[in-house]
Q: 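The structure that follows is given in the form of structure tokens.
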Amino acid sequence: MENVIVGLGEALYDVLPEGAKLGGAPANFAYHTTQFGHNAVAISALGNDALGDQAIKEFNEKGVKHIMPRVDFPTGVVNVELDNEGVPTYDIKTNVAWDNIPFTPELEEIAKNCRCVCFGSLAQRSKVSHETIQRFLANTPKECLKIFDINLRQNFYTKEIIKENLKQANILKINDEELVAIGRLFDYPGLDMENKCWLILGKYDLDMLVLTCGVNGSYVFAPGISSYQPTPKVEVADTVGAGDSFTASFASAILAGKDIQEAHELAVKVSAYVCTQKGAMPKIPQEFLDQIK
């Protein structure tokens, strides 16, 4: 696999009120970048169980390339509760398959041919998967686009792991609630939202920082550049996976040579559309896919 785009980390089932839906941020990312025509692969681990079998079947049906070794732990499950506005809260089960992603020669080879990788903090809550993700990043080419979609969940993160990944990344994707948490964790008192972003951008020598603020819009900061886009008003079915579709659309546009403003506009449109659909992996309308051809 050459010039491959990788979603690396958790593969799991979101158990929503209407039933279990295949998800996990890296799998969602790989699914959406595949729709944009990229050679993408989702990398995680699945259990030797019925849910693992179902996940493989669904990845194949959705046309998502995947490397999902079967391990002696159950396939990951997250119980999702939605509030009246469709905003989810998560109960993430521990000691599951994606906590135990093995680093293999196949993964090393993919890392060496990786054009872009999206990874988060959640899958690094365990020693095994943390080491696999770090070894993967260490084997990527210098020009590889490394997106740290921070994805803080429950108490599954530490200051040390966040620092380690910020040093590895060249793009940070974060939401407004996560930015508040990072401000507390890193002791950035008295700084407003934008100044926190500029501080993190400079301190970790990032190429870009993407900040999403739900209904209050989103920002992209880069040296000498600041982009803001309002959030379109749509009828929300649920917001599960909307952030991942934003990241995938933004990365797809940047990789296609679009500038930050163009990539940001597309990401906002796609993520707003995903909010109108049930589950994390709807089909993206052709009018959006055509924008990066």
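The model shown is predicted, which means the values in this text are computed figures rather than measured ones. Throughout, residue positions are numbered sequentially from 1 according to the sequence presented. Heavy atoms only: backbone and side chains are in, while hydrogens, waters and symmetry mates are out.
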Q: Between Ile150 and Ile200, is there shared hydrophobic-cluster membership here, with clusters defined by ILVMFWY side-chain heavy atoms closer than 4.5 Å?
A: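 The answer is yes; both residues are in one hydrophobic cluster.
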
Q: Is it true that a side-chain atom of Ser249 and a backbone atom of Ala267 form a donor plus acceptor pair closer than 3.5 Å?
A: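 A pair under 3.5 Å: no.
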
Q: Answer yes or no: does atom CG of Asp83 have more than 12 heavy-atom neighbours from other residues, nucleotides or ligands under 6.0 Å?
A: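 Atom CG in Asp83 is packed in, count exceeds 12.
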
Q: Only one of Leu122, Thr75, Leu46 passes side chain to side chain contact (heavy atoms under 4.5 Å, CB included) with Trp98; say which it is.
A: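 Result: among Leu122, Thr75, Leu46, Leu122 is the only option passing the side chain to side chain contact (heavy atoms under 4.5 Å, CB included) with Trp98.
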
Q: Start with the C-alpha gap between Gln134 and Asn165, add the side-chain angles, then the distance that decides, and say whether side chain to side chain contact (heavy atoms under 4.5 Å, CB included) holds.
A: CA-CA 8 Å; Gln134 292 304 313; Asn165 285 280; 3.0 Å; yes

Q: Within a strict 4.5 Å, meaning less than it, do heavy atoms of the Lys173 and Thr212 side chains meet?
A: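 They are in side-chain contact.
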
Q: Spell out, as yes or no, whether a donor-acceptor pair under 3.5 Å connects the side chain of Asp290 to the backbone of Glu287.
A: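 No; zero donor-acceptor contacts below 3.5 Å.
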
Q: For Ser227 and Ile260, which heavy atoms make the closest approach, and how far apart are they?
A: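 It is CB-CG2, 4.3 Å.
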
Q: Can you tell me how far the CD1 atom of Ile161 sits from the CZ atom of Phe156, to the nearest 0.5 Å?
A: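 Those atoms lie 12.0 Å apart.
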
Q: Can Leu266 and Lys258 be said to form a side chain to side chain contact (heavy atoms under 4.5 Å, CB included), step by step?
A: CA-CA 10 Å; Leu266 177 62; Lys258 300 297 183 182; over 6 Å; no

Q: How long is the gap from CG on Asn139 to CD on Glu108, to the nearest 0.5 Å?
A: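 Interatomic distance, Asn139 CG to Glu108 CD, rounded to 0.5 Å: 4.5 Å.
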
Q: Verify, without hydrogens or angle tests, whether Gln168 (side chain) and Glu164 (backbone) share a donor-acceptor contact under 3.5 angstrom.
A: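 Not at all, since once roles are kept as given, no pair shorter than 3.5 Å links the two residues.
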
Q: Please say whether more than 12 non-hydrogen atoms of neighbouring residues, nucleotides or ligands are located less than 6.0 Å from CD in Gln286.
A: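 Enclosed.
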
Q: Between Ile284 and Ser245, does the side chain to side chain contact (heavy atoms under 4.5 Å, CB included) criterion hold? Intermediate values first, please.
A: CA-CA 9 Å; Ile284 297 174; Ser245 70; 5.6 Å; no

Q: Go through the side-chain N and O atoms of Gln229 and Ser218 and say whether any donor and acceptor fall under 3.5 Å apart.
A: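 No.
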
Q: Is there a path of hydrophobic side-chain contacts, each under 4.5 Å between heavy atoms of I, L, V, M, F, W or Y residues, that connects Ile147 with Val41?
A: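 No.
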
Q: Does NZ or CZ of Lys159 fall inside the cone over Phe186's six-membered ring, less than 6.0 Å from its centre and within 45° of the axis?
A: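 Satisfied, under 6.0 Å and within 45°.
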
Q: Evaluate the side-chain proximity of Phe288 to Gln35: yes if any heavy-atom separation is below 4.5 Å, no if none is.
A: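 Not touching, per the 4.5 Å side-chain cut-off.
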
Q: Do Val270 and Phe36 make a side-chain contact, defined as non-hydrogen atoms from C-beta onward lying under 4.5 Å apart?
A: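 Yes, at least one pair of side-chain atoms sits under 4.5 Å.
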
Q: According to a 4.5 Å side-chain heavy-atom criterion applied to Ile, Leu, Val, Met, Phe, Trp and Tyr, with indirect links allowed, do Met208 and Phe221 form part of one hydrophobic cluster?
A: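 Per the 4.5 Å side-chain linkage, Met208 and Phe221 are not co-clustered.
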
Q: In this structure, are over 12 heavy atoms from other groups packed under 6.0 Å from Glu235 atom CD?
A: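 Open: at most 12 neighbouring heavy atoms sit under 6.0 Å from CD of Glu235.
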
Q: Can you find a pair of side-chain heavy atoms, one from Phe250 and one from Val220, that are under 4.5 Å apart?
A: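 The answer is yes, as the side chains (C-beta and beyond) meet within the 4.5 Å cut-off.
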
Q: Taking atom NZ of Lys163 as the centre, report whether more than 12 heavy atoms of other residues, nucleotides or ligands fall under 6.0 Å from it.
A: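 Counting neighbours around NZ of Lys163, 12 or fewer heavy atoms of other residues, nucleotides or ligands fall under 6.0 Å, so no.
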
Q: Look only at the side chain of Asp205 and the backbone of Leu201, and say whether a donor-acceptor pair between them is shorter than 3.5 Å.
A: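 Side chain of Asp205 to backbone of Leu201: no pair is present.
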
Q: For the residue pair Phe73 and Val96, what are the closest heavy atoms and their distance?
A: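 Scanning both residues, the minimum pair turns out to be CB-C, 3.7 Å.
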
Q: List the atom of Met193, the atom of Leu179, and the distance in Å for their closest heavy-atom pair.
A: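 Nearest heavy atoms, Met193 then Leu179: CG-CD2, 3.4 Å.
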
Q: Does Met281 belong to the same Ile/Leu/Val/Met/Phe/Trp/Tyr cluster as Val77, with side-chain heavy atoms less than 4.5 Å apart forming each link?
A: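 The answer is yes; both residues are in one hydrophobic cluster.
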
Q: Please check if the side chain of Asn170 supplies one atom and the backbone of Lys146 the other of a donor-acceptor pair under 3.5 Å.
A: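 Yes, because the side chain of Asn170 sits within donor-acceptor range (under 3.5 Å) of the backbone of Lys146.
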
Q: Flag the pair Val268 / Pro232 as yes when at least one side-chain heavy-atom distance between them is below 4.5 Å, and no otherwise.
A: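 With C-beta onward as the side chain, the pair touches.
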
Q: Find out whether Lys203 and Tyr188 are in side-chain contact, i.e. whether some heavy atom of one side chain is under 4.5 Å from a heavy atom of the other.
A: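 Yes, side chains in contact.
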
Q: Just verifying a value: how many Å separate Ile43 CD1 and Leu8 CG, rounded to the nearest 0.5 Å?
A: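 Answer rounded to 0.5 Å: 5.5 Å.
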
Q: Is there a donor-acceptor pair under 3.5 Å between the side chain of Arg115 and the backbone N or O of His38?
A: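 Looks like no, no N/O pair under 3.5 Å.
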
Q: Going by the angle between their ring planes, with limits at 30° and 60°, are Tyr219 and Tyr228 parallel, tilted or perpendicular?
A: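 Taking Tyr228 first and then Tyr219, their aromatic rings sit tilted (interplane angle of 30° to 60°).
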
Q: Tell me whether Ile133 shares a hydrophobic cluster with Val128, the cluster being built from Ile, Leu, Val, Met, Phe, Trp, Tyr side chains joined at under 4.5 Å.
A: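 Looking at the clustering, Val128 is in a separate group from Ile133.
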
Q: Determine whether Phe148 and Leu206 make a side-chain contact, defined as any pair of heavy atoms from C-beta on separated by less than 4.5 Å.
A: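 No, side chains not in contact.
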
Q: With a 3.5 Å cut-off and no angle check, do the side chains of Glu58 and Tyr13 form a donor-acceptor pair?
A: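 There is such a pair (donor and acceptor under 3.5 Å, judged by atom type) between the side chains of Glu58 and Tyr13.
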
Q: Hey, could you give me the CG/CD distance between Leu152 and Glu177, rounded to the nearest 0.5 Å?
A: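 Separation between the atoms: 10.0 Å.
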
Q: Quick check: closest heavy atoms across Ser44 and Ala11, and the distance to 0.1 Å?
A: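 So the two residues come closest at OG-N, 3.1 Å.
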
Q: Could you walk me through whether Thr231 and Asn216 satisfy the side chain to side chain contact (heavy atoms under 4.5 Å, CB included) test, starting with their C-alpha distance in whole Å, then the side-chain angles of each, then the deciding distance to 0.1 Å, before giving a yes or no?
A: CA-CA 6 Å; Thr231 301; Asn216 296 315; over 6 Å; no

Q: Does the pair Arg70/Asp53 count as a salt bridge with the N-to-O cut at 4.0 Å?
A: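 A salt bridge is present here (some side-chain N lies under 4.0 Å from a carboxylate O).
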
Q: Look at atom CD of Glu81 and say whether more than 12 heavy atoms of other residues, nucleotides or ligands are closer to it than 6.0 Å.
A: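 Not buried by this count: 12 neighbours or fewer within 6.0 Å.
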
Q: Ignoring hydrogens and angles, tell me if any N or O in the side chain of Gln277 forms a donor-acceptor pair with the backbone of Val274 under 3.5 Å.
A: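 Such a contact is absent between Gln277 side chain and Val274 backbone.
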
Q: Judged by atom type as modelled, is there a donor-acceptor pair below 3.5 Å linking the side chain of Thr132 to the main-chain atoms of Ile101?
A: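 Confirmed, Thr132 side chain pairs with Ile101 backbone.
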
Q: So, Tyr31 side chain and Pro282 main chain: donor-acceptor pair closer than 3.5 Å or not?
A: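 It does hold such a pair.
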
Q: Any non-hydrogen side-chain atom of Ile110 less than 4.5 Å from a side-chain atom of Phe136?
A: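 Result yes, sub-4.5 Å side-chain heavy-atom pair found.
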
Q: Can you tell me how far the CD1 atom of Ile92 sits from the CD atom of Glu10, to the nearest 0.5 Å?
A: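 Result: 8.0 Å between the selected atoms.
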
Q: Indicate the atoms forming the closest heavy-atom contact of Asn28 with Gly241, along with that distance.
A: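 Asn28 and Gly241 have their closest heavy atoms at ND2-CA, 4.0 Å.
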
Q: Rounded to the nearest 0.5 Å, how far does CD of Gln154 lie from OG1 of Thr94?
A: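 Atom-to-atom, Thr94:OG1 and Gln154:CD are 9.0 Å apart.
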
Q: Heavy atoms only: give me the nearest Phe29-Val6 pair and the separation to one decimal.
A: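 Closest heavy-atom pair between Phe29 and Val6: CE2-O, 3.6 Å.
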
Q: Taking only Lys NZ, Arg NE, NH1 and NH2, and the carboxylate oxygens of Asp or Glu, determine whether Lys269 and Glu265 approach each other closer than 4.0 Å.
A: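 No, this pair does not count.
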
